[in-house]
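Step one of this worksheet: look at the structure below.
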Amino acid sequence: MKIAVIGGGIVGTLIARLLSFYEADVTLIEKENDVGWGVTKANSGIIHAGYDDEPGTLRASLVVPGNEAYTQLQKDLDFPFMRVGSHVLAFNESDLKTLEELYKRGEKNGIKGMKILDREEVLSMIPKVNPDVKASLYAPSAGIVIPWRVALSASDNFVMNGGKLALGERVVDIEVSGGRVRKVITDKNEYEADVVINASGLFADEIAKMAGAESVPIHPRKGEYILLDTQEYTNYVLFPTPSHGSKGMLVVPTLSENTLIGPNAVDLPPDKKGDVSTTESGLKEVHEGAKKLIPSIKLNKVLRTFAGLRPESPQRDFFIKESEKVWGFINVAAIRSPGLTAAPAIAEYVVEELLQQRLKINLQKKREYIKSIKSIQKVSRLSIEDWAELVRKDERYGNIICVCNRVTEGEIVEAVKRGARTLDSVKFRTGAMCGPCQAARCAMKIAKIISREAGIPIEEILLNADGSNIAVGKVRP
Amino acid sequence: MKRVEVVVVGAGAAGMAAAKGAAENGAHVLLLDNENWVGGILQQCIHNGFGVHRYKEELTGPEFAERLKKEIPSDVEVMTGSFVHKIFPEEKKLIVISRRGIEEIHYESMVFATGAREKTFQSLLIPGTRPVGIYTAGQAQRMINIDGYLPGKRALVLGSGDVGLIMARRMHLEGMEVIGVVERLPYPGGLRRNVKQCLEDFDIPLYLSHTVVRVEGFPRLEKVIVAKVDGKFSPIPGTEKELKVDTLVVSVGLVPVKKLLAKFVDVESGILVSNSGQTSVDSIFAAGNVTTIFDLVDYVANEGEKAGKNAALYAKGKFEGKRIPVKKGEGVKVLHPKWYDPSDPLSVYLRVSRPMERAVVRIGKYEIEAEDLTPAEMVHVEIEPPCEDEIVVSVTEV
Ligand SMILES: Cc1cc2nc3c(=O)[nH]c(=O)nc-3n(C[C@H](O)[C@H](O)[C@H](O)COP(=O)(O)OP(=O)(O)OC[C@H]3O[C@@H](n4cnc5c(N)ncnc54)[C@H](O)[C@@H]3O)c2cc1C
Ligand SMILES: Cc1cc2nc3c(=O)[nH]c(=O)nc-3n(C[C@H](O)[C@H](O)[C@H](O)COP(=O)(O)OP(=O)(O)OC[C@H]3O[C@@H](n4cnc5c(N)ncnc54)[C@H](O)[C@@H]3O)c2cc1C
């Protein structure tokens, strides 16, 4: 059985990982130079409790199991994740009514531990909250995650089990004959395939068209963010009470000890799937929105701004289905929020329900496969004794390269060993270059390490995409 | 574990001078730096203009560092490639990470001289894409001068401080096309001699009262959109201009690197010290750009040397710190030091809040006449005032 998974986001990598436990020949195809650089890299990073989703939708049925799956998934894939809990804050009577509805919906969806807290309780948990707050819906099962780390670990695990990872290859066509998928054609290669899983995020409609399969139209909805170099505002994820289906502007603590504020929501036409630029009005909106929750939020410690694009479709639900027109083609499309949360459950649903039940593909578990991996050791989080021990074994763990986040040469070398060839690949694996100096002090040092370890000349080292060479030439002698 | 009398954190100009000052006063000194060399930022400043006061000569950065290094007594222990990871002021110890291992250093007194880092483009909230090709000036400087690589072909510089001006010239001399320097202030941010020697001599235009409002292009920078600004630095609609460049070099100020100590000592933008270099914690001294951003390395070295001397005296129980407040009066934007300790002369460094043609600088009861003051150029006055409750420093235009 030959299976091609298109798209190395959180969804595609988790599906590919699960498939790598079975006797199958699986190829994961990703157009970018690393996994996790699509929708998966620019979002709120929240593992939602799951009260937003209307019971009866596919989303609702996947989000709570997805949330629960994170406990085991973290153990297996060793990525940063913490159940910090979330609050939906209510500021008026109509908000209070909505909280009640969310609570009821949450119960139907099977969420455990939710509580509606009164003003005093909210103030004591979040001292800097807007004092106009009336109540909150508190959900202890909500968490925060570093989403690209899930994709990276899943893809590493996939490769360890013999999966083939095709990075930097764009799918340009899908060959179909006799009502079945036959081949996936990229700008560089061709892959024979009995089954094609379309997990290409924003581009899922275009990929489905290549196969002549059913699709839902997808347009991007931009969300802009400001990342602050402080965690003084809140230890919990804070939402305003939702209105008109939008979650509104949030204040989110991150696992790199920062605070994320945003996102706004701006619908873009379908031809703007690459437009992740930030705008003046958007950034203003984000700050104003966040101040409604925490009035004291200031923009004096800005690390950076960014934007992500939600893959929106008119029907609003996930579109996860085998094609009725083309046997072997499976859409995992329109994975809008809370796609991160649902992703582990989506992967199971695709492999168990769609492949095995509906397509009746008899997948055999491999006799031996690896299910859990260790991610790169973050040495500055170790105890001094353990760190010292590591330096005794390998002196490179004593050479600090990223001074802001204390990332050592040893960690960077390990990232290169695991396939990192660009600066962003090192950044997303190690956390280097994410601190207050934003790579100004260490980018070149890291480029030299990649160059030395992988044998690539400095001028060919990329920041991320092809064409992003960090140097254009040598200074004349 | 290791025990020293004075530990110096950071071996830039301030740290090297502190090591010298402390050793010459009889202390057993350890000088630490994370880089594999001493000299700090000086090593990447290959232009002339260092040491006019201290050595009465115009040296390059590395030459200045070499001179200063020679002045450090040979009994000072120097450990490069050594990163100070944590400081425990109450136990007077710090943890150093290096390839040789992780070591605990116990000290009697410390001189903290970790310098400054550059403010980033990303922190400015300028909207647009996030392409390759945007560098801080120091990053571009290090890339060109130390690593030997060119960041791009056609550049614009944001910020007319000295670092920005010097980088405009450097890139021009290396064969890049430098299409201009953009500055939001109505006057240049750097020294006048640098405006002449770095821009005017090479016909590089300076756009005053302008700023960058947006960047475009991905994965490489393609366009920078600039606009005129009003008195409050807000872009004036309708004045936008598109400039096609692949490189934007950003020089919008330095930020003291104070995180390791910020929880323990009094800080504002930098670590606060008295004129003897002492912080709010008796055993900790600080000097150089981590205290305030100095224009001249000569000032940095002098302050470092003094802090080193006093740290040595403290280690030997011969230093009693006093802290008489030195306060900002009218016309003063930046003032250094925070306190006056009569055991040393009072070296006052200040920046005026706006350009003034003729002015009177008042330091407590002293009055000094001055001409041609701009915020870009630090004013330095050394006096020995009597002890008072506080000393107010002001500048009035006349
Ligand atoms: C602003 C915002 C906030 C969000 N917040 C949350 C949240 O807090 N919690 C939550 O649970 N969810 C959240 N989400 C949703 C979540 O981020 C997404 O549902 C999830 O990341 C989707 O993952 P994916 O793998 O489907 O898509 P992607 O990560 O986009 O993966 C698809 C991959 O396919 C590749 N690809 C596309 N076309 C081709 C081609 N032709 N050939 C080869 N490869 C191709 C892409 O490069 C990409 O890497 C948010 C989304 C946004 C935008
Ligand atoms: C581009 C440029 C041009 C300049 N031009 C001139 C000029 O023409 N004339 C002039 O007089 N002055 C000039 N200056 C100013 C002058 O060079 C500086 O003011 C001076 O060198 C600063 O010295 P410092 O010791 O405070 O800091 P730095 O030189 O920054 O030294 C700090 C040192 O501390 C180390 N460090 C930091 N944290 C740690 C840690 N945790 N553990 C270990 N080590 C650490 C760093 O590695 C660094 O080596 C210029 C500066 C620049 C950037």
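In what follows, chains carry the letters A, B, and so on, assigned in the order in which the sequence lines appear, proteins first and then strands, with residues in each chain numbered from 1.
- Within 6.0 Å of NZ in A:K378 there are more than 12 heavy atoms belonging to other residues, nucleotides or ligands.
- For B:V96, no part sits under 4.5 Å from any heavy atom of chain A, backbone or side chain.
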Item checked: side-chain contact (heavy atoms from CB on, under 4.5 Å) evaluation trace for B:R214 with A:T279 -> CA-CA 8 Å; B:R214 200 169 71 246; A:T279 64; over 6 Å; no

All N/O donor-acceptor pairs, side-chain side in residues 455-467 of chain A, below 3.5 Å, sequence neighbours left out:
| from | atom 1 | to | atom 2 | distance (Å) |
| --- | --- | --- | --- | --- |
| A:N464 | ND2 | A:D424 | OD2 | 3.0 |
| A:D466 | OD1 | A:N33 | ND2 | 3.0 |

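- Between A:A440 and B:T136, the shortest heavy-atom distance links the atoms CB-OG1, 3.6 Å.
- The contact between A:R406 and chain B is made entirely by side chain atoms (from C-beta outward), counting heavy-atom distances below 4.5 Å.
- The two residues A:P436 and B:K259 make their nearest non-hydrogen contact at CG-NZ, 4.5 Å.
- Within 6.0 Å of atom CZ in A:R310, more than 12 heavy atoms from other residues, nucleotides or ligands are found, so the atom counts as buried in its surroundings.
- Atom NZ of A:K301 is separated from atom OG of B:S123 by 13.5 Å, given to the nearest 0.5 angstrom.
- Atom CZ of B:F218 and atom OG of A:S277 lie 11.5 Å apart (nearest 0.5 Å).
- Interface check for chain B: of the options A:D229, A:V276, A:T408, the most heavy-atom pairs under 4.5 Å are formed by A:V276.
- Proximity to chain B (any heavy atom under 4.5 Å) is restricted, for A:K448, to the side chain, taken from C-beta onward.
- Options A:L283, A:L228, A:V403, A:N300 differ in how many heavy-atom pairs under 4.5 Å they form with chain B, and the most are formed by A:V403.
- Taken to the nearest 0.5 Å, the CD atom of B:Q122 stands 14.0 Å off from the CD1 atom of A:I226.
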Next item on the list: Decide side-chain contact (heavy atoms from CB on, under 4.5 Å) for B:D147 and A:K474; before the verdict, give the C-alpha distance in whole Å, the side-chain angles of both, and the deciding distance to 0.1 Å.
Entry: CA-CA 9 Å; B:D147 303 317; A:K474 283 209 173 76; over 6 Å; no

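- Within a 6.0 Å sphere centred on CZ of A:R170, heavy atoms belonging to other residues, nucleotides or ligands number 12 at most.
- Both the backbone and the side chain of A:T305 come within less than 4.5 Å of a heavy atom in chain B.
- Taking the side chain as every heavy atom from C-beta outward, A:R392 and B:I102 never approach each other to under 4.5 Å.
- Nearest heavy atom pair, residue A:I470 against residue B:M143, reads O-CE, 3.1 Å.
- Neither the backbone nor the side chain of B:L124 comes within contact range of chain A; no heavy atom of the residue lies under 4.5 Å from a heavy atom of that chain.
- At a 4.5 Å heavy-atom cutoff, A:L423 makes no contact with chain B through either its backbone or its side chain.
- Rounding to the nearest 0.5 angstrom, the gap separating the NZ atom in B:K86 from the CD1 atom in A:I384 is 6.0 Å.
- Residue B:E118 holds its CD atom at 9.5 Å from CZ of A:R441, rounded to the nearest 0.5 Å.
- Looking at every heavy atom in both residues, B:Y149 comes nearest to A:M444 through CD1-CE, 3.5 Å.
- B:L173 touches chain A through its backbone: at least one of N, CA, C or O sits under 4.5 Å from a heavy atom, while the side chain does not.
- Ranked by heavy-atom pairs under 4.5 Å with chain B, the list A:G282, A:C437, A:G410 is led by A:C437.
- Residue-environment remark: CD (B:E91) exceeds the threshold of 12 foreign heavy atoms within 6.0 Å.
- Closest of all the heavy-atom pairs between A:I400 and B:N34 is O-ND2, 3.7 Å.
- Separation of atoms CD1 (B:I95) and CH2 (A:W387) is listed at 9.5 Å; rounding is to 0.5 Å.
- Interface residue B:T120: only side-chain heavy atoms are found under 4.5 Å from chain A.
- At most 12 heavy atoms of other shown residues, nucleotides or ligands fall within 6.0 angstrom of atom NZ in A:K284.
- Here A:K445 pairs with B:E35 in a salt bridge; the nearest charged N to carboxylate O distance falls below 4.0 Å.
- Dense packing is recorded around NZ of B:K92, with more than 12 heavy atoms of other residues, nucleotides or ligands lying under 6.0 Å away.
- Taking a 6.0 Å sphere around CD of A:Q231, one finds it holds more than 12 heavy atoms contributed by other residues, nucleotides or ligands.
- Closest approach of A:A443 to B:Q139, counting heavy atoms only: CB-NE2, 3.8 Å.
- Each of A:E385, A:R304, A:E389, A:R476 has some count of heavy-atom pairs under 4.5 Å with chain B, and the biggest count is that of A:R476.
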